[in-house]
Q: 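Would you mind keeping the following structure in view while I ask a few things?
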Amino acid sequence: MSLTESFEDVESCWRDLSDVLAAGISRVLLYGPSGTGKTYAALHQGVSSAPAERLVCTEDLTSGEITGTWMPVGENRWEWREGPAIRAWRGSGGLGGRLVVDEVDRASGDALSTLLAMTDSPESARWRNPETSEWVRPGPHFSVIMTSNIDDLDDIPSSLRDRFPVAIRIDRPHTSALASLSADLRAPALAGSLGPVGRRVSLRSFYAFDELRAKCGAQRAAQLVFCENALSVLDALAIAALA
Ligand SMILES: Nc1ncnc2c1ncn2[C@@H]1O[C@H](COP(=O)(O)OP(=O)(O)O)[C@@H](O)[C@H]1O
Ligand SMILES: [Mg+2]
């Protein structure tokens, strides 16, 4: 398989995402191996006015980190600071923006219930600001992309999965992500990211290698970044250089 053919393949899952967003689908789940560009695409693709709001789910994520919290603003004075989900509902000028919910499989308990409320259908979703009592609804352009590095859709809570009828498995890096690597690293990085589970090499490692080798040489950079896989990566680079 030549690199050109590989690049054509690369487009498929990414073309699905473009088509879905262009069709106006406002709730999308991207899942699959880490380091392929899911978060990057969620933050940038189809985002025009206000920058996307991002939430990274952990077991410790609280509702307050999603919708907002009371903050002290002086002696005995507290103000409600709206969280990323409500800011994304409002977007620029109340039109609604993009909310990115990363590592969504890790959300649980209260945070998961709040995420369910924030990603409810536009007709049902509403939230009341506890300070002003204003009822807030998602603006007409509000969209939410959830990402997860899991390989199996069944590991996403079914209630959340149900909110996101379109789920796209992103199994390869975006062409632009590969293109931002030095030319000789693109084919090995693509091959590395398509490897079997457990032996995949994330694009992030190739970015780090690309930067490091400029300063300390390929051998040392490979040892630092790829550790026990250093030799096989250097071999792959040598073979790619001959092609
Ligand atoms: N289209 C792109 N153009 C440039 N860099 C990208 C692109 N997509 C991803 N990257 C870079 O690749 C790395 C991995 O992307 P990320 O979105 O974090 O992957 P994932 O969410 O799938 O784990 C990041 O350093 C990111 O900045
Ligand atoms: Mg990510």
Side-chain angles (χ1 to χ4, degrees), residues 3 6-22 27-48 51-61 65-66 84-85 88 98-107 111 115 119 143-153 155-157 160-161 164 166-214 221 224-226 233:
L3 185 57
S6 312
F7 270 138
E8 279 162 12
D9 275 354
V10 163
E11 294 300 333
S12 60
C13 55
W14 293 107
R15 196 182 309 123
D16 289 346
L17 176 62
S18 301
D19 290 351
V20 159
L21 292 177
R27 281 153 177 74
V28 182
L29 166 63
L30 303 180
Y31 69 103
S34 153
T36 50
K38 298 182 295 298
T39 300
Y40 187 96
L43 287 169
H44 297 102
Q45 207 161 322
V47 175
S48 45
E53 297 284 349
R54 183 180 182 193
L55 264 169
V56 183
C57 300
T58 63
E59 290 76 11
D60 302 325
L61 181 74
E65 289 168 285
I66 303 172
R98 166 72 50 80
L99 175 65
V100 178
V101 184
D102 261 334
E103 326 283 349
V104 69
D105 49 299
R106 300 204 187 148
L115 279 178
T119 53
S143 63
V144 46
I145 299 190
M146 300 198 298
T147 81
S148 169
N149 292 334
I150 57 156
D151 262 329
D152 189 349
L153 255 194
D155 291 339
I156 301 273
L160 204 48
R161 171 78 183 87
F164 291 74
V166 178
I168 302 172
R169 186 169 195 283
I170 300 293
D171 57 0
R172 42 196 74 214
H174 194 282
T175 317
S176 325
L178 285 170
S180 59
L181 280 169
S182 298
D184 66 320
L185 294 185
R186 291 174 197 162
L190 178 62
S193 65
L194 298 181
V197 183
R199 289 188 51 205
R200 280 185 199 134
V201 186
S202 153
L203 214 51
R204 288 192 197 90
S205 304
F206 279 95
Y207 285 133
F209 173 73
D210 209 0
E211 258 187 75
L212 262 178
R213 74 173 173 176
L224 287 167
V225 176
F226 301 113
V233 173

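FYI, the numbering just counts along the sequence from 1. Indexing begins at 1, ligand by ligand and atom by atom, following the structure's order. Being a predicted model, the structure only gives us computed values, none of them experimental.
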Q: Considering Thr39, Leu181, Thr147, which one's heavy-atom position lies nearest to atom 21 (O) of ligand 1?
A: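 Closest candidate by heavy-atom distance is Thr39.
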Q: Looking only at protein heavy atoms, which one is nearest to atom 19 (O) of ligand 1, and how far off is it?
A: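 That would be Gly37 N, 3.0 Å.
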Q: For atom 2 (C) of ligand 1, grab the closest protein heavy atom and report residue, atom and distance to one decimal in Å.
A: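 I find the closest protein heavy atom is Tyr40 CE2, 3.3 Å.
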Q: If you look at every heavy atom in Arg204 and Ser34, which pair is closest and at what distance?
A: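 For Arg204 and Ser34, the tightest heavy-atom pair comes out as NH1-OG, 3.3 Å.
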Q: Side chains of Leu185 and Phe209: closer than 4.5 Å at any heavy-atom pair?
A: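 Side chain of Leu185 against side chain of Phe209, heavy atoms only: contact under 4.5 Å found.
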Q: Got an N, O or S from Thr39 under 2.8 Å of the Mg ion (ligand 2)?
A: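 Checking the Mg ion (ligand 2) against Thr39, an N, O or S atom does fall under 2.8 Å.
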Q: Would you check if Asp105 and Asn149 make a side-chain contact, meaning some heavy-atom pair closer than 4.5 Å?
A: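 Side chain of Asp105 against side chain of Asn149, heavy atoms only: no contact under 4.5 Å found.
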Q: From atom 18 (O) of ligand 1, work out which of Gln45, Lys38, Arg204 has a heavy atom at the shortest distance.
A: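 Answer by nearest heavy atom: Arg204.
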Q: Tell me which protein heavy atom sits closest to atom 5 (N) of ligand 1, plus the residue, atom name and distance to 0.1 Å.
A: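 The protein heavy atom lying closest is Tyr207 OH, 3.5 Å.
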Q: Of all the atoms in ligand 1, which lie at a distance below 4.0 Å from a heavy atom belonging to Ser34?
A: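 Result: 23 (O).
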Q: Side chain of Asp210, backbone of Ser182: donor and acceptor closer than 3.5 Å?
A: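 Yes, Asp210 side chain to Ser182 backbone: donor-acceptor pair under 3.5 Å.
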Q: Within the structure provided, determine whether Phe164 and Met146 are in side-chain contact (heavy-atom separation under 4.5 Å).
A: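 Yes; the side chains approach each other to less than 4.5 Å.
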Q: For atom 23 (O) of ligand 1, which of the options Ser176, Ala177, Gly35 provides the nearest non-hydrogen atom?
A: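 Going through Ser176, Ala177, Gly35 one by one, Gly35 has the nearest heavy atom to atom 23 (O) of ligand 1.
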Q: For ligand 1, does His44 get within less than 4.0 Å through its side chain, its backbone, both, or neither, judged by non-hydrogen atoms?
A: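 It is neither part, as no heavy atom is under 4.0 Å.
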Q: Give a yes or no answer on whether the side chain of Arg161 reaches the backbone of Leu153 with a donor-acceptor pair at less than 3.5 Å.
A: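 Checking the backbone N and O of Leu153 against the side chain of Arg161, no donor-acceptor pair under 3.5 Å is found.
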Q: Which atoms of ligand 1 sit under 4.0 Å from any heavy atom of Thr36?
A: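 Those qualifying, in numeric order: 19 (O), 20 (P), 22 (O).
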Q: So, the side chain of Thr58 versus the backbone of Asp60: is there a donor-acceptor pair under 3.5 Å, distance only?
A: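 Yes, because the side chain of Thr58 sits within donor-acceptor range (under 3.5 Å) of the backbone of Asp60.
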